[in-house]
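Report on the structure given below.
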There are 2 protein chains.
Amino acid sequence: MSHLFFIKSFDNTVFSETESGHLIRVLRKQVGDRIEVTDGKGHYAQGIITEAHPKKCAFSIESMETHSSPFPYTIHLAIAPPKSSDRLEWMLEKLMEIGITEITFLITEHSERKNINIDKLQSICIAAIKQSKQFFLPILHPPTSWNDFVKNRKETQRYIAYLSPEPLPHLATLAQPKGSILLCIGPEGDFSSIEIKDAMEQQWTPVSLGPSILRTETAGFFAVNVIHLTHVWQSSK
Amino acid sequence: MSHLFFIKSFDNTVFSETESGHLIRVLRKQVGDRIEVTDGKGHYAQGIITEAHPKKCAFSIESMETHSSPFPYTIHLAIAPPKSSDRLEWMLEKLMEIGITEITFLITEHSERKNINIDKLQSICIAAIKQSKQFFLPILHPPTSWNDFVKNRKETQRYIAYLSPEPLPHLATLAQPKGSILLCIGPEGDFSSIEIKDAMEQQWTPVSLGPSILRTETAGFFAVNVIHLTHVWQSSK
């Protein structure tokens with residue numbers, strides 16, 4: 001199986017220390033060897049190693065392809081991270097499999113977890129796109145406080161899922177698979193009433209994710225599934 | 001928070017050794033204490049402890065409710081279990097959250113895993129219904145060979161998902177949320193061509209789960225989501 005390597009930008013064709021170590025120490029690549037590289041922004045290049053340095057391996061670009069996103073919409077998941085790192089990493093892995101554009105980790109009033117090792121999560125994402133040969137890396141934002149996040153969002157559809165005493169419409173009955181979509185999921189203890197009020201003031205749309213009470217990470221993955229499946233349904237009509 | 005306890009059948013109102021230990025040793029319940037009990041078959045009882053034995057705690061039934069399934073269809077997931085126990089247990093936990101009727105672990109030609117600790121998985125399911133206060137326990141079948149499984153299935157809709165060179169219709173465009181639905185998912189190395197031929201001979205319907213290549217456990221969870229979401233969509237029309 002051939003490998004796909006990752007570089008932050010094709011403007012500087014020198015691999016990171018981690019990626020250089022993998023190329024040179026682990027895979028024993030040498031000057032002149034052909035490699036495949038992506039920047040996670042839709043670009044895919046075939047290249048040739050020009051310097052087999054185990055910490056700063058360099059290559060030259062032979063050919064380059066630009067791919068467009070497989071989905072005619074973007075999904076931004078804003079979620080209060082689950083307490084358990086395993087569950088958080090699981091969610092990220094699954095989101096990578098299914099397709100996601102952008103993730104923000106929210107710090108809300110009832111958040112159980114406020115610190116996130118973004119570098120580790122970023123590595124998981126890079127490993128996933130390398131393994132599944134995808135050319136798009138989602139944007140991972142550092143933990144962001146609710147108050148900073150809620151104001152003046154640019155997304156054209158903004159949904160907030162929470163447990164409401166009155167029944168809310170299911171996300172699946174409202175979401176349109178086009179434009180930019182924001183899906184907002186609270187912590188195990190849910191959003192506070194003030195946070196829900198904030199979202200309403202910003203014209204976000206309150207939604208339900210169905211009759212079962214889902215764990216945070218299940219809710220995040222499920223909500224993203226809803227968007228992709230709405231797209232499948234509408235395309236098949 | 002009050003607890004929900006599990007009993008195999010209300011015909012014999014003595015708890016298992018595990019459940020008795022939890023009631024008497026951990027929670028220190030005593031004769032005369034009120035308890036809530038389910039059999040995982042839709043029954044919910046309120047009862048009173050009559051014998052506080054730490055290995056065979058007995059109770060009497062005061063009142064009983066019978067609940068009907070929250071879904072107007074049944075879902076049987078037949079899946080070649082992933083190699084990793086963590087991934088298998090994760091899938092089970094997520095299926096319990098979202099709702100599933102029956103699970104069969106398939107032994108196929110390319111299966112990486114043939115042994116399953118059904119007792120442990122059963123305990124995970126019981127813990128999940130107790131925690132989320134559900135009254136339905138899915139049926140877990142022991143590992144079953146493909147040849148035994150494929151013949152004369154009783155389900156009214158039978159879908160098999162695999163990676164096909166020709167494009168297949170998406171499960172979401174075919175599945176109807178009614179009657180009995182069988183969803184069949186292969187191992188990482190997919191079904192063999194003979195197995196796919198077997199399924200075709202039995203008039204199963206070949207389907208795709210979308211453009212991404214999903215891990216086995218992601219595919220299982222995703223396919224079940226598709227059915228529940230089809231139900232939401234059709235109900236909202």
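Letters go in sequence order (proteins before strands), and every chain restarts at 1.
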| message | Just so I understand: if I count every heavy-atom pair under 4.5 Å between each of T218(A), T173(A), I213(A) and chain B, which residue has the most? | response |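 The candidate making the most pairs under 4.5 Å is T218(A).
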| query | For the candidates R215(A), H228(A), H170(A), which exhibits the highest count of non-hydrogen atom pairs separated by less than 4.5 Å from chain B? | reply |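 Greatest number of close heavy-atom pairs with chain B: R215(A).
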Side chain, backbone, both or neither: which part of [X] has a non-hydrogen atom closer than 4.5 Å to chain B?
X       : result
L171(A) : neither
Q134(A) : neither
S235(A) : neither
R87(A)  : side chain

Does a sphere of radius 6.0 Å around [atom1] in [X] hold more than 12 heavy atoms from other residues, nucleotides or ligands, not counting ones at 6.0 Å or beyond?
X       : atom1 : answer
I194(B) : CD1   : no
K83(B)  : NZ    : no
K120(A) : NZ    : no

| Given side chains that start at C-beta, do those of W90(B) and E217(A) come closer than 4.5 Å, heavy atoms only? |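 Of all side-chain heavy-atom pairs linking E217(A) with W90(B), none is under 4.5 Å.
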| query | So, do F222(B) and L229(A) sit near enough that their side-chain heavy atoms are less than 4.5 Å apart? | reply |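 Contact flag for F222(B)/L229(A) side chains = yes.
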| Ignoring hydrogens and geometry, is there a side-chain-to-backbone donor-acceptor pair from S212(B) to E97(A) under 3.5 Å? |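 Judged by distance alone, yes, a pair lies under 3.5 Å.
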